[in-house]
Amino acid sequence: MRQIHGIAASRGIAIGPTYRLGRPQFACTRYIVDNPAREWERFQAALQVARQQLEQIAEHTRQRSGDEYAAIFQAQLLMLDDPALLRHVREAIESRHLNAEAALLDAIESQTQLLETLEDEYLRARTADVRDVAQRVLHALIGAPECRLEMPAWPVIALAEDLSPSDVALLDPARVLGFCTAKGGLTGHTVILARALGLPTVVGAGPGVLSIPDGTQVVLDGSAGILVVEPDERTIAAYRQRQVFLSSLLEQAILRAHEPAVTVDGEVVTVLANIGDVASARAAIEAGAEGAGLVRTEFLYLGRSQPPDEEEQARAYTEILETFGTLPVILRVVDIGGDKRPPYLNLTLEPNPALGLRGIRLCLAQPDLLKMQLRAMLRAAAGRRLKVMLPMVTDVGEIRTVRTLLEQIQTEHTMSGWACPTLVELGAMIETPAAALLADRLAPLVDFLSIGTNDLAQYTLAADRASTNVSTLADGLHPAVLRLVNSVLKEAGAHCKPVSLCGELAGEPFAIPILIGLGLRTFSVNVPAIALTKAIIRSIQATDAQQLAQEALLMENAEAVRRLAQTHMPVLADIG
Amino acid sequence: MTPGGTTSRTVVVRHARGLDARHAALLVQTAKRYAARVTLACGCREADATSITGILALGCTQGTPLTLRAEGEEAEEAVAALEQLIAANFGGTP
């Protein structure tokens with residue numbers, strides 16, 4: 001048994017025999033043609049063949065994985081018709097009488113050279129798409145059948161030097177359990193497509209994988225980036241167990257999406273949804289949400305030249321509240337400003353948008369905006385319970401001011417004869433270190449708290465989520481963030497105030513047992529994560545989780561917390 | 001339709017990935033709808049707005065200013081449409 005280490009590219013475990021994927025090689029000769037006009041026609045015909053193939057691949061991908069992924073091949077179709085490429089090829093054929101194959105290779109070379117010098121690795125990775133397109137046209141030029149990989153009839157773990165995006169788009173998941181490539185990185189479309197197919201994938205594993213004989217038994221651990229060659233019985237058994245656990249977890253997630261999430265030892269956990277408009281409210285109900293822990297109201301305010309009036313807002317909130325019926329719904333006051341600056345607010349670009357006039361700060365600076373929204377919420381919740389939440393709170397004064405404003409509006413509202421909500425509750429979002437550290441002062445002033453871990457991580461770790469250089473540092477599993485979450489949960493408990501957690505962290509598999517262990521009993525997650533979050537909760541023993549959480553608080557960094565959670569529950573690495 | 005002329009405007013790309021393949025594809029598809037000859041300039045690089053590889057090779061990342069320049073018929077309309085597309089962040093969230 002030996003291990004080959006590569007880059008973990010797409011999660012999951014695959015166990016099976018290897019098979020080396022190869023492409024029929026052909027030599028491309030360079031020669032002078034007598035009839036350039038006919039050569040150009042030959043090239044055009046090849047383009048047409050390639051175009052038809054790509055259209056089919058785009059359609060196949062759209063049906064299998066969705067529009068977002070089909071767009072990869074829409075872009076390849078445009079590369080095929082790129083005017084710069086065509087000009088280059090035409091010039092080589094017509095003025096230099098070069099054959100179409102050589103003309104194409106030269107043109108592609110000059111195109112990829114431009115991309116390869118780019119600093120940005122994501123843009124640089126698009127070179128693979130240009131080469132993918134070129135291969136397709138070359139195949140068509142020499143009259144070879146479509147450049148498909150040769151596949152065996154039994155399920156295998158595919159090994160290859162590298163796979164192009166269209167290779168992956170055409171893989172049959174019934175016959176390819178996963179793949180491992182010698183080259184390649186995380187930024188290419190190859191990996192994006194593998195993830196969409198749920199194929200365990202390791203890339204950049206080095207040339208060693210190419211000398212493994214076909215039929216060798218291996219375990220491909222796409223979650224850790226390891227290829228285990230000729231594993232012993234114990235290793236196979238452990239991986240097999242993880243595989244079985246994962247498939248039963250995924251199956252249970254779907255079957256029991258609408259059932260409550262109860263831990264192994266009987267702790268009932270509520271799973272709410274984060275939603276952003278009426279359509280996502282409906283999707284949340286279908287996905288098994290037990291309410292909405294966060295309604296982002298920004299959808300009403302962005303992408304327009306005038307703010308939404310009270311009428312329009314009330315209609316939208318009513319629709320959302322009605323969709324959830326008697327289930328709880330938390331409407332968040334609009335969180336704009338910072339990097340979201342609709343033209344009607346006349347906001348200036350600030351040097352640090354994340355630290356600027358946004359959230360409740362902006363609402364208090366432009367009180368008419370806030371008053372109109374609160375009036376619309378009161379109208380929409382007539383005869384129901386209204387839960388209003390304030391974003392970006394840093395000071396108890398902000399809560400007091402809004403509380404006074406809300407009472408005043410409620411009085412006016414009643415006096416004008418409008419029906420009122422049966423109960424109006426005001427909550428604070430805990431998403432700044434200030435609010436987390438002052439939770440004991442904030443809790444008595446509010447009716448509920450909600451921890452927003454995306455911003456809490458950004459501000460605690462001083463890592464701008466909008467910066468491509470440091471955004472990955474804003475990790476909610478960092479023990480510094482977990483300690484703040486822990487203290488907020490304690491203070492909320494001490495003041496008997498309900499508390500939920502609505503950041504990405506709530507739906508992150510590694511975080512779920514830790515959050516349960518810290519005492520969180522209300523999660524609010526994105527709609528696609530609802531069923532799986534419930535399934536993970538059902539496999540947790542809350543008393544064990546408590547011990548895990550205490551250990552997590554003592555870790556040095558987010559990586560150590562992840563490792564700890566994985567040792568506790570190995571299957572967590574394969575989800576997400 | 002406006003008669004021939006030259007229009008240019010500078011916008012800032014806000015998307016986290018900068019001008020990636022999907023965005024470049026949308027720009028090309030939009031530019032192709034107009035008769036004007038449109039070019040995009042980013043730093044010292046320039047690209048034909050109908051050339052996807054050219055646009056990718058601009059290396060335009062988040063926060064980079066991008067100059068849209070159009071000449072000929074429908075120059076104004078073409079620039080306005082591309083500006084709108086970039087300002088609306090290609091229909092996504094930042």
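A, B, ... follow the sequence lines: proteins, then strands. Residue 1 opens every chain.
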TODO: Could I get the full list of ring pair (Phe, Tyr, Trp, His ring centres under 6.0 Å) partners for Tyr459(A), not counting sequence neighbours?
DONE: none
Name each donor-acceptor pair under 3.5 Å that joins a side chain in residues 342-355 of chain A to protein atoms two or more places apart or in another chain, with its distance.
residue, atom, partner, partner atom, Å
Tyr344(A), OH, Tyr301(A), O, 2.5
Glu350(A), OE1, Leu357(A), N, 2.9
Glu350(A), OE2, Leu357(A), N, 3.4

- [ ] Ignoring hydrogens and angles, state whether a donor on the side chain of Asp132(A) or Gln76(A) is under 3.5 Å from an acceptor on the partner side chain.
- [x] yes
Open item on the list: Using a strict threshold of under 4.0 Å (side-chain N to carboxylate O), is an ion pair present between Asp455(A) and Arg465(A)?
Closed with: yes
Task: Residues in residues 46-59 of chain B that sit under 4.5 Å from chain A, counting heavy atoms only - done: Asp48(B), Thr50(B), Ser51(B), Ile52(B), Thr53(B), Gly54(B), Leu56(B), Ala57(B), Leu58(B), Gly59(B)
TODO: Could you note down all residue pairs passing salt bridge (Lys or Arg N to Asp or Glu O under 4.0 Å) where residues 56-70 of chain A supplies at least one of them, sequence neighbours left out?
DONE: Glu59(A)-Arg62(A)
Open item on the list: Under a 4.0 Å threshold between the charged nitrogen and the carboxylate oxygen, would Arg296(A) count as salt-bridged to Asp335(A)?
Closed with: no
